[in-house]
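Working notes, structure below.
Chain letters run A, B, ... following the sequence lines, proteins first and then strands; every chain starts at 1. Keep in mind that what you see is a predicted model, and the values were worked out from it rather than measured.
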Amino acid sequence: MLIEDCDQTFVCRDFIKCPRYRSNTSRRHLQTNMAVRLCDVASLLRSGSWAPEPWTGQVIATMETQLSNGPTCNNTSNGPSTILNNCSSPVESGSIEDSKTNLIVNYLPQNMTQEELKSLFGSIGEIESCKLVRDKITGQSLGYGFVNYVDPKDAEKAINTLNGLRLQTKTIKVSYARPSSASIRDANLYVSGLPKTMTQKELEQLFSQYGRIITSRILVDQVTGVSRGVGFIRFDRRVEAEEAIKGLNCQKPPGAAEPITVKFANNPSQKTSQALLSQLYQSPNRRYPGPLAQQAQRFRLDNLLNMAYGVKSRFSPMAIDGVTSLAGINIPGHAGSGWCIFVYNLAPDADESILWQMFGPFGAVTNVKVIRDFNTNKCKGFGFVTMTNYDEAAVAIASLNGYRLGDRVLQVSFKTNKTHKA
DNA sequence: TAGAATT
């Protein structure tokens, strides 16, 4: 039986970029817990219209295996290389049976605050609680957090809407949180000495005999893309990780010339005092740069805009740098705690998520708001976005003004006092 | 030989 002929629905286990995919809700990517028809995905893969990635072939193999074996619901992995299981609905998926309102959000930008997290997820529905996890000593974000909704439907909507959202240089991951327990902590392994040819899928295959893999990763050279021979495996439970160390440390993977080393990964928040000191005193805080850093950044920005658009950035506060935080100065877009951007010509069905999607990649966004008609609840054609940093806001405006969204051309500028109030 | 995944 060909996969193309199979109408069976699978549940996507992770967010997969697939721009040519179009679901019945017009989503352009495969998203966590999204029901996916096998034939749709398979035809895209085989047609080559979905750019091949290292795990693409394995997706086909996995689907073919599942077809020949018949339906089962064994989730031995939810990493990117085994994105599908053959449970027919998210409700049957073992990973979410315990909680339907509490989400874990991973891969958040380093400088994202809890308020920004709440603002982002609050655009979906009412939040019961929200927490950004921070290092207890330094207060620095650990890059993940939790969002607990009042309504399970909003949690599901948040996964469908926000999983895979690009924020600055990160692609966030939104999934149901497992119930917290000691047994799931410290289950992350660091693996070194891997053959440079080993794929992520092969790494998972090697380790999956010891338990359910939550995430896997092989580090690669940023320039060449070649494996650095080291990686991480996160198991569902600590005991599974312990068994994997016993079974695989100092062992040669099939076909490998050298044995691998498998041990518990260091906790990234446990840094030496030296590293902490250098981090605290040497790295400039992007959010609150000193005057010199601000001027340097704006100088670069002005050059950038000049080169790109042949104009000086019209609203650059260079001339009055240093007084931008004083009250009573009328600077377009400056809204006390950030830069307010006016977005005009949005469609009636526009919602907050589209503003996050458009502006999030440009930098720290603290708030978005679609202005709606009180009676119809439809967008009145405009909205506002607040960004923390002037430079990032200016680049976003330069990039998105004139952007075609659907059949509309957007007008994007710093908010002025003459126009609508947020 | 190094990622920010359980509050």
Taking atom [atom2] of [N] as reference, at what distance in whole Å does atom [atom1] of [X] sit?
X        : N     : atom1 : atom2 : result
A:Asp135 : B:dT6 : CG    : C1'   : 16 Å
A:Arg234 : B:dA5 : CZ    : C1'   : 4 Å
A:Glu128 : B:dT7 : CD    : C1'   : 13 Å
A:Asn106 : B:dA5 : CG    : P     : 5 Å
A:Leu194 : B:dA2 : CG    : P     : 13 Å
A:Arg228 : B:dT1 : CZ    : C1'   : 9 Å
A:Asp221 : B:dT1 : CG    : P     : 13 Å
A:Leu189 : B:dA4 : CG    : C1'   : 17 Å

Side chain of [X], heavy atoms from C-beta onward: which of [options] has the nearest atom to it?
X        : options             : answer
A:Arg185 : B:dT1, B:dA4, B:dT7 : B:dT7
A:Lys263 : B:dA5, B:dA4, B:dA2 : B:dA2
A:Thr215 : B:dA5, B:dT1, B:dT6 : B:dA5
A:Tyr190 : B:dA4, B:dA2, B:dA5 : B:dA2
A:Leu219 : B:dA5, B:dA2, B:dT6 : B:dA2

### Query
Is a donor-acceptor pair below 3.5 Å formed from side chain A:Asn102 to base B:dT7, judging by atom type as modelled?
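By the distance-only test, yes, there is a pair.
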### Message
For a quick check, tell me whether the side chain of A:Arg178 and the base of B:dT6 share a donor-acceptor pair closer than 3.5 Å.
### Response
yes
Classify [X] by what it touches in the nucleic acid, base, sugar-phosphate, or nothing, heavy-atom distance under 4.0 Å.
X        : result
A:Ile104 : base
A:Ser129 : nothing
A:Ala265 : base

### Task
Please check if any side-chain donor atom of A:Glu204 sits under 3.5 Å from a side-chain acceptor atom of A:Ser216, or the reverse.
yes
### Query
Would A:Arg238 count as a cation-pi partner of A:Phe264, with NZ or CZ less than 6.0 Å from the six-membered ring centre and within 45° of the ring normal?
yes
[X] vs [N]: side-chain N/O to OP1/OP2 distance below 4.0 Å:
X        : N     : answer
A:Arg217 : B:dA5 : no
A:Arg134 : B:dT7 : no
A:Ser180 : B:dT7 : yes

### Query
Restricting to pairs with a member in residues 123-132 of chain A, which pass salt bridge (Lys or Arg N to Asp or Glu O under 4.0 Å), not counting sequence neighbours?
none
### Message
Are A:Tyr390 and A:Phe414 an aromatic pair, judged by ring center distance below 6.0 Å?
### Response
yes
### Task
Evaluate the ring planes of A:Phe342 and A:Tyr344, with Trp represented by its six-membered ring, and classify them as parallel (under 30°), tilted (30 to 60°) or perpendicular (over 60°).
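Judged by the thresholds at 30° and 60°, the geometry between A:Phe342 and A:Tyr344 is parallel.
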### Message
Here's a test of your reading of the structure: between A:Gln110 and A:Asn148, which maps to the more 5' nucleotide of DNA chain B?
### Response
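Its nearest nucleotide being more 5', the pick is A:Gln110.
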### Query
Are A:Val133 and A:Phe146 side-chain neighbours, meaning at least one heavy-atom pair lies under 4.5 Å?
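SC-SC contact between A:Val133 and A:Phe146 confirmed.
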